[in-house]
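Report on the structure given below.
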Amino acid sequence: MTVETAQRLGQAAGLRFTRGDHRHSVLLGKDTRLSGYMIESALVAGFLSAGMDVTLVGPLPTPAIAMLTRSLRADLGVMISASHNPFGDNGIKLFGPDGFKLSDHDETDIEDLMEADLTGRLATPEKIGRASRLNDAAGRYVESAKASFPRKLRLDGMKIVIDCANGSAYRVAPTALWELGAEVIRIGCTPDGVNINEGCGSTHPEALCKAVVQHKANLGIALDGDADRVLIADETGRLIDGDQILALIAQSWAREGRLIGESVVATVMSNMGLERFLNTLNVGLERTAVGDRYVVERMRELGSNIGGEQSGHMVLTDFATTGDGLIAALQILAVLVQDGRSASEVCRMFNPFPQKLQNVRFTGGSPLEADSVLAKQKEVEQKLSGRGRLVLRKSGTEPLVRVMAEAEDAALVDEVVTQMCDALQAVSEPA
């Protein structure tokens, strides 16, 4: 991610989303990474040179950018963030005017424009865009998040630990909880540009679990760097993953008649225990490839309003067009307040199947297509037939094959994962 790449992206995306004679605009937000200043400036230059006005909102969660893009009727929304990655990484997420992530088709068009000769296509001097700052953006998002919490309820008397991963929600998430009446204990809320996700947040929830017990809190909430995912710690410090959160929200909404469609959408990594639990509610589990964009695409196809990932992405389309950790946490808190029970009683919805995930590193080639690996995969799947599942997939960001198996028999899970990893290592040169 370089200045040149970011500026070129701004020009290409600006041209791609200039449609019609109106004054076009883009909403631009970021997380707390030091490199965000540099990339923000480069993007602004690119968009202005394409004739787009830019509205800057500073550090805000990814779901806030999606919401504001739609609310302000912008032509495009941009979030500068590498989500849960270390501070040295950065990335750019794009949202259409409807607040949803761009389609593969739109992204391909932008990539083609980035490679094209744009001479004569950029704005003439009198049509260069203008940049401005929206000062009340954070307040708008806080009010939007609070609106997802039942109006008749309050969080008075609840003590909540919130870990914002030193990321984009460090101001808005604690504010929303406090304004709803909670006593808020903040950790991971002092960003310095290089400490985002460092030993905190949903990727390192140990600090949250410890703080919940130490402060005798009712609940702990861990967000990631851009606050589109969430994990929960109950009052004993025990971690609640995305599958349990999906189960809890699905049950609550089903009881209230708010669950739309016949399925909850999750990925191939979600536990079979979730699937069995949903079946008791007469609700199906629709699985997609790993990635919240695939979850959202399938939800839109099915008309479902609940979807998510075991890692903590929760997509609740009644309130948001992308994963929103704060809104998901508020749905859990609503159940706790209504039921009057502790988080440890409410949030443990099912007993998960034993599940094991192991990575195998490779250099080049396609190890998943090797004859010996395909033969071993077939053998393992026959062993698990009717008893469990095997999932093999390449990482999208590293030269790794991820091997996951689950079954009611933990020994069987260990056995098949070891066999599958041995087969992959035999055809994979070490990186």
Side-chain angles (χ1 to χ4, degrees), residues 83-85 158-167 169 173-174 177 182 184-189 196-252 266-267 269-275 277 290 292 308-316 323-336 339 341-358 402 404 406 410 413:
S83 190
H84 55 279
N85 285 26
M158 294 201 75
K159 184 186 289 188
I160 300 170
V161 178
I162 177 75
D163 182 349
C164 295
N166 292 316
L177 294 170
V184 181
I185 297 153
R186 308 176 186 213
I187 61 176
C189 291
I196 187 171
N197 299 314
E198 184 181 7
C200 57
S202 63
T203 49
H204 302 282
E206 302 82 12
L208 174 78
C209 296
K210 182 178 179 181
V212 168
V213 175
Q214 178 184 346
H215 292 280
K216 298 181 180 178
N218 300 98
L219 191 78
I221 301 167
L223 305 173
D224 68 335
D226 70 333
D228 65 353
R229 67 167 70 181
V230 62
L231 295 178
I232 299 295
D234 68 22
E235 80 282 1
T236 71
R238 187 175 186 180
L239 203 63
I240 309 297
D241 70 10
D243 284 346
Q244 299 284 354
I245 295 171
L246 278 175
L248 176 59
I249 296 174
Q251 183 188 67
S252 172
T267 75
M269 302 303 290
S270 278
N271 197 276
M272 289 179 69
L274 171 62
E275 189 168 358
F277 173 79
V290 173
D292 62 309
E309 297 189 271
Q310 190 181 65
S311 60
H313 280 118
M314 296 293 124
V315 184
L316 307 173
D324 192 318
L326 176 59
I327 283 179
L330 290 174
Q331 305 313 298
I332 295 168
L333 286 166
V335 175
L336 296 185
D339 286 10
R341 294 185 294 150
S342 67
S344 60
E345 295 175 292
V346 171
C347 295
R348 189 70 174 179
M349 304 300 296
F350 62 87
N351 292 320
F353 278 33
Q355 190 179 76
K356 185 174 182 179
L357 173 65
Q358 194 164 321
R402 304 197 191 279
M404 191 279 283
E406 64 177 352
V413 171

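The shown structure was predicted, so the numbers you read here are calculated from the model rather than taken from an experiment.
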Item to complete: Could you tell me whether the side chain of I221 reaches within less than 4.5 Å of the side chain of I160, counting heavy atoms only?
Response: yes

Discussion item. Does atom CZ (R238) have a neighbourhood of more than 12 heavy atoms from anything else shown, all under 6.0 Å?
Written reply: no

Worksheet entry | Side chains of R229 and S202 in contact at under 4.5 Å (non-hydrogen atoms) | yes

Discussion item. So D324 and L316, do their side chains get closer than 4.5 Å, heavy atoms only?
Written reply: no

Worksheet item: Are there more than 12 heavy atoms of other residues, nucleotides or ligands under 6.0 Å from atom CD of E235?
Response: yes

Worksheet item: If you take all heavy atoms of P174 and C189, which pair is closest and at what distance?
Response: CG-SG, 4.1 Å

Discussion item. Contact between I187 and I162 at the side-chain level, heavy atoms closer than 4.5 Å - yes or no?
Written reply: no

Response to the item:
So side-chain hydrogen bond (donor to acceptor under 3.5 Å, both in side chains) across residues 208-226, not counting sequence neighbours, yields T62-D226, S83-D224, S83-D226, K93-D226

Discussion item. How close do C200 and H204 get, counting heavy atoms only, and between which atoms?
Written reply: N-CB, 3.4 Å

Practice prompt. Please lay out, stage by stage, how D243 and S270 fare under the test side-chain hydrogen bond (donor to acceptor under 3.5 Å, both in side chains).
Written response: CA-CA 6 Å; D243 284 346; S270 278; 2.7 Å; yes

Worksheet item: Can you name the closest pair of heavy atoms from T236 and S344 and give their distance?
Response: CG2-CB, 4.4 Å

Item to complete: List the steps and the verdict of side-chain hydrogen bond (donor to acceptor under 3.5 Å, both in side chains) for N271 and E406.
Response: CA-CA 8 Å; N271 197 276; E406 64 177 352; 3.2 Å; yes

Item to complete: Using a 4.5 Å cut-off on heavy atoms from C-beta on, say whether the side chain of N85 contacts that of N197.
Response: no

Discussion item. Within this structure, what is the CG-CD1 distance for the pair D234 and I332, rounded to the nearest 0.5 Å?
Written reply: 11.5 Å

Discussion item. Rounded at 0.5 Å granularity, tell me how far CD1 in I327 sits from CG in L330.
Written reply: 7.5 Å

Worksheet item: With no hydrogens and no angle check, is any side-chain donor or acceptor of Q244 less than 3.5 Å from a backbone partner on D241?
Response: no

Worksheet item: How many angstroms lie between CG in L333 and CG in L326, if you round to the nearest 0.5 Å?
Response: 9.0 Å

Item to complete: Please round to the nearest 0.5 Å and tell me the distance separating atom CG of L274 and atom CD of Q310.
Response: 9.0 Å

Worksheet item: What heavy-atom pair brings G242 and L231 nearest, and what distance separates the two atoms?
Response: N-CD2, 4.0 Å

Worksheet item: Looking at V230, L223, V212, L208, which hits side-chain contact (heavy atoms from CB on, under 4.5 Å) with D163?
Response: L208

Fill in: From M272 atom CE to F350 atom CZ, the distance as rounded to the nearest 0.5 Å
11.5 Å

Worksheet item: M269 versus L357: any side-chain heavy-atom pair under 4.5 Å?
Response: yes

Fill in: Nearest-0.5 Å distance that lies between atom CG in L219 and atom OG in S342
10.5 Å

Worksheet item: Between the side chains of D228 and H313, does any donor sit under 3.5 Å from an acceptor?
Response: yes

Worksheet item: Should K159 and I185 count as side-chain neighbours, where that means a heavy-atom distance under 4.5 Å?
Response: yes

Item to complete: Run the numbers on E309 and D292 for side chain to side chain contact (heavy atoms under 4.5 Å, CB included), then give the verdict.
Response: CA-CA 7 Å; E309 297 189 271; D292 62 309; 3.9 Å; yes

